[in-house]
Every structure is written in structure tokens, then in C-alpha cells.
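A short write-up of the structure that comes next.
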Amino acid sequence: MIGRPTGRRSRRLLVVVPLALAGLLAAACGGSDPAPGTAAAAANDLSGVTLRFGDQINGVRSVLEASGELDDAPYKIEWSQFQGGGPTVIAAQTGGDVDLGVMGETPVVFAQAAHSPVTVVGAARIVDPAKSNFALVVKKDSPIRSVADLRGATILNSQGTVSQYLVAKALEKGGLTTDDVKLVNLQQGAQAAYDRGDIDVIASGGPPLAMTLARGTDRVLMTGAGVLPGVNYLVARNGALSDPGLSDAIGDFLGRLTRAQDWYNAHPDAAIAIVKPTYKVDDTVARAIIDLAPLHYVPIDRTVTDTHQREADFFADQGVLKAKIDTSTVFDDRYNPIVNAVAQGRPGPS
């Protein structure tokens, strides 16, 4: 656990390993026989556990189900779908309604500053750092040709989301401040406002970005490549992590999701069959969504935590956060062995 005592974590590492990975870890540790309370025993004890997951547009669920990774899950999963990004998932976790959810990194910065009871337990990084799954977009005929032209523009600025960070970095790059533009905070209806012309610049990411660009009426002003950390987080409710059954289920779920995401990346043609009905698009747009910026799960290490700290420091320096925060305490690396075991089977660098 980064920034926390490691004794408790070291006693739990084998407990949370999914069945399919237990043999790999045993081999890595010298092939010792599994002790009572290891992965196999833990999996058998999870039949009464319900893991409540906060998803967005069925993104995680569709990949897991299509890859077959949930076929033998030893616990029940209760799915909830959220609009408005990570802040809405964190609100549900704070209220005790969701145990685990997926989001970008920025919501976690503000959640920690607000003392929300959540912790990052998994991280998925963009495979190719030259790509990004977020961008600032304008109409093709917009007079805004560079970030220096943003002065006086009306910009979507969804507070507490990755979009807020990208907008802030774009203004900094253009030598501007928030006083030079009009920021609009919309958690819903942003695309419609942009299409009507009420917003000049929209910050978009993931499938909505690919879908917008596929229309042929818009262009990218600036991507998040080299600016954003390029990670998605799996975030757990602290109360779930302190519950033995839920904690074990979270580790098992992360292992399944890590394998499922690798399957998704390796089988883009098969993935089209998932993406089309999920986002209600044709084959061409589905492929654009898949190819936008593939992710894979990586261990939580300094490459993850240092970029997160820099983002938090940026918001503090900008006065968005009242004070600087030590972000190392919002990460828990107890499940790293699970991710590492899957990553060992990947071709090339992980």
C-alpha cells in the first residue's frame, strides 16, 4: 500500500488472487503449496458476496462479458450505470451504494481533497503514449486554430473531471487564464449545447470523442497526449476494502478485468460486436472507438502515483484546491501481484 503500512497488505496478497492466477503466482514464489485461506479457498467463500460496480455506458461490463471472464465468477455483481463521469460514481460510493467503480484520474484528486472515503486499487494506462483518449474539439469552421486563440471562447469545463484538467493545461499552454474565457460546467447535455453553438470548445473523451470526430464536422484543437496522465482508475469504497469478502472479490474482479482488457485489445474485430450495440454505432465508428487509445492494466507504482501528484499540485498551484495534498495515501497497491501475473503473458513491454 503506497504511503501506508505494508504489514497488513503482505498478509493478504495471496488471499485476493483469482483462481486462474494462483498457479502463476505460486510458480513465481518457488512453487510452494497454497496455504489455507489462499485464492482457491477465498473463491469458494465468496458465494454470498455481492460486489456493486459503478460503470459508465456499460464499458466495463460489456468487455468482461464478451471476453467470458465473468462466466465462473464466484460472487454476484450488481451493476449500476452512471452519467456525469467519476464524480457521480464517487458520490455513490460515499453514500455507500457502490463498492467499486471506473473513472479517470481527476475525480480522485478532488475526492481526496474532499476527504471522500475512496481509494485507487487499479490503474489502466494507454498503451501508446503518443495517443490520448481525450481532446479539445471545435467545429471545422471555427476561427479557433490554436490554444492561443481561446481568448473569449466559451469552453465546456466539467468540474471534477479529466476535462477540467485538460482545459486548464490548454489555457496554460496558450498563456491564458480562466479570466480570459467563459467556462461552462455541464455534467449532462454538453454535446447538445456544443452542437447548437452555445459552446465553442468541448472537452471530450473515450467513445464520445470518437463518435464526435466520426461525424466529419469537427476537428481536434489539442489532445491530451503528453499532457494528461493517460490512465483510468479502478476506485474502491474504503468500507469495501475493509470487508474481507468484498476485498477478495475486488482483487478477483481486477484480475478478470485485466485479462478482459488484454483480450479486447488483441481481438479488435471481435470487439466491434461489443462496441456496436453498446454505443449504437456502425462498424466504422466502432473501430474508431476501439483504436482511439487502447488501455491495459499496469501495477500501481511511481509512474502512476508521481503523475497523479503532479496533477494535484497543479490544481493547488492554480488555486483550485485550497491546499496541496499528499496523493500517495489515496493508492493501495495490494493487488499489484494480480496485475503483474497477467502482464507477464503480454507480448513486449507491459
Side-chain angles (χ1 to χ4, degrees), residues 53-71 77 79-86 89 101-104 122 124-140 156 158 161-163 166 188-192 194-195 202-225 228 230-234 256-297 342 346-348:
F53 191 87
D55 204 356
Q56 299 183 46
I57 326 178
N58 281 310
V60 169
R61 181 176 184 175
S62 60
V63 171
L64 279 164
E65 291 183 343
S67 65
E69 284 292 340
L70 292 183
D71 291 349
I77 302 174
W79 300 93
S80 297
Q81 300 299 323
F82 290 86
Q83 294 183 354
V89 178
V102 64
M103 64 193 68
R125 183 179 293 283
I126 292 175
V127 177
D128 182 355
K131 292 186 175 183
S132 177
N133 55 0
F134 268 87
L136 295 183
V137 177
V138 297
K139 297 293 185 182
K140 271 192 172 180
L156 174 69
S158 299
T161 70
V162 178
S163 297
L166 182 57
Q188 297 184 23
Q191 186 67 50
Y194 170 72
D195 291 341
I202 189 170
S204 184
L209 172 60
M211 293 160 68
T212 295
L213 296 178
R215 303 185 306 184
T217 59
D218 311 88
R219 56 182 166 82
V220 170
L221 179 67
M222 172 184 170
T223 76
L228 301 179
V231 294
N232 275 2
Y233 287 157
L234 204 62
R256 293 172 190 272
L257 181 55
T258 302
R259 294 192 300 270
Q261 189 63 53
D262 285 356
W263 172 88
Y264 180 90
N265 295 343
H267 300 86
D269 292 336
I272 287 176
I274 311 166
V275 172
K276 285 177 62 177
T278 300
Y279 301 106
K280 298 178 175 58
V281 296
D282 60 22
D283 285 9
T284 301
V285 179
R287 188 57 185 254
I289 291 173
I290 294 166
D291 293 340
L292 180 62
L295 297 155
H296 62 190
Y297 278 83
V342 179
R346 291 176 185 150

Do Leu166 and Met222 have side chains that approach each other closer than 4.5 Å (heavy atoms only, starting at C-beta)? yes

Determine whether Asn232 and Met103 make a side-chain contact, defined as any pair of heavy atoms from C-beta on separated by less than 4.5 Å. no

Take Arg346 and Val127 through the test side-chain contact (heavy atoms from CB on, under 4.5 Å) and record every step on the way to the result. CA-CA 12 Å; Arg346 291 176 185 150; Val127 177; over 6 Å; no

Closest approach of Thr278 to Ser62 (non-hydrogen atoms, all atoms of both residues): OG1-CB, 3.8 Å

Only residue of Val63, Leu64, Leu257 satisfying side-chain contact (heavy atoms from CB on, under 4.5 Å) with Glu69 is Leu64

Does Arg256 come within less than 4.0 Å of Asp71, counting only side-chain N to carboxylate O? no

Side chains of Val281 and Met211: does their closest heavy-atom pair fall under 4.5 Å? yes

Can you check whether Val285's main-chain N or O pairs, donor with acceptor, with Asp282's side chain at less than 3.5 Å? yes

Hey, are the side chains of Ile202 and Leu136 touching, using non-hydrogen atoms and a 4.5 Å cut-off? no

Could you tell me if the side chain of Ser67 sits less than 4.5 Å from the side chain of Tyr264, heavy atoms only? no

Less than 4.5 Å apart, side chain to side chain, heavy atoms only: is that true for Val275 and Ile290? yes

Nearest heavy-atom neighbours spanning Ala225 and Ala130: CB-O, 3.7 Å

Does any N or O in the side chain of Gln56 come within less than 3.5 Å of the main-chain N or O of Val102, such that one atom is a donor and the other an acceptor? yes

Measuring only between side-chain heavy atoms, which start at C-beta, is Val342 closer than 4.5 Å to Asp262? yes

Using distance alone, with no hydrogens and no angle criterion, decide if Tyr194 and Asp218 have a side-chain donor and acceptor under 3.5 Å apart. yes

Closest heavy-atom pair and its distance - Gly104, Val162: CA-CG2, 3.8 Å

Looking at CD1 of Ile272 and NE2 of His267, how far apart are the two atoms once the value is rounded to the nearest 0.5 Å? 13.0 Å

Sub-3.5 Å donor-acceptor pair from the side chain of Ser132 to the main-chain atoms of Gly224, do we have one? yes

Donor-acceptor pair, distance only, cut-off 3.5 Å: does the side chain of Arg125 make one with the backbone of Val231? no

From Asn133 atom CG to Leu295 atom CG, the distance as rounded to the nearest 0.5 Å: 6.0 Å

Between Ala270 and Trp263, what is the shortest heavy-atom contact and its length? CB-CZ2, 4.0 Å

Spell out, as yes or no, whether a donor-acceptor pair under 3.5 Å connects the side chain of Gln81 to the backbone of Ile57. yes

Contact check, side chains of Ile274 and Tyr279, non-hydrogen atoms, under 4.5 Å: no

Taking the basic N atoms (NZ, or NE/NH1/NH2) and the acidic carboxylate oxygens, is any pair closer than 4.0 Å for Asp269 and Arg287? yes

Would you mind telling me which of Thr161, Thr223, Leu292, Leu228 makes a side-chain contact (heavy atoms from CB on, under 4.5 Å) with Phe134? Leu228

Measure from the side-chain N and O atoms of Lys139 to the backbone N and O of Thr217, and report whether any donor-acceptor pair falls under 3.5 Å. no

Of all heavy-atom pairs linking Lys140 and Arg219, the shortest is O-NE, 3.2 Å

Heavy-atom donor-acceptor pair, Asp55 side chain to Val60 backbone, under 3.5 Å: yes

Contact summary for Phe82 and Gly54, nearest pair of heavy atoms: CE1-CA, 3.7 Å

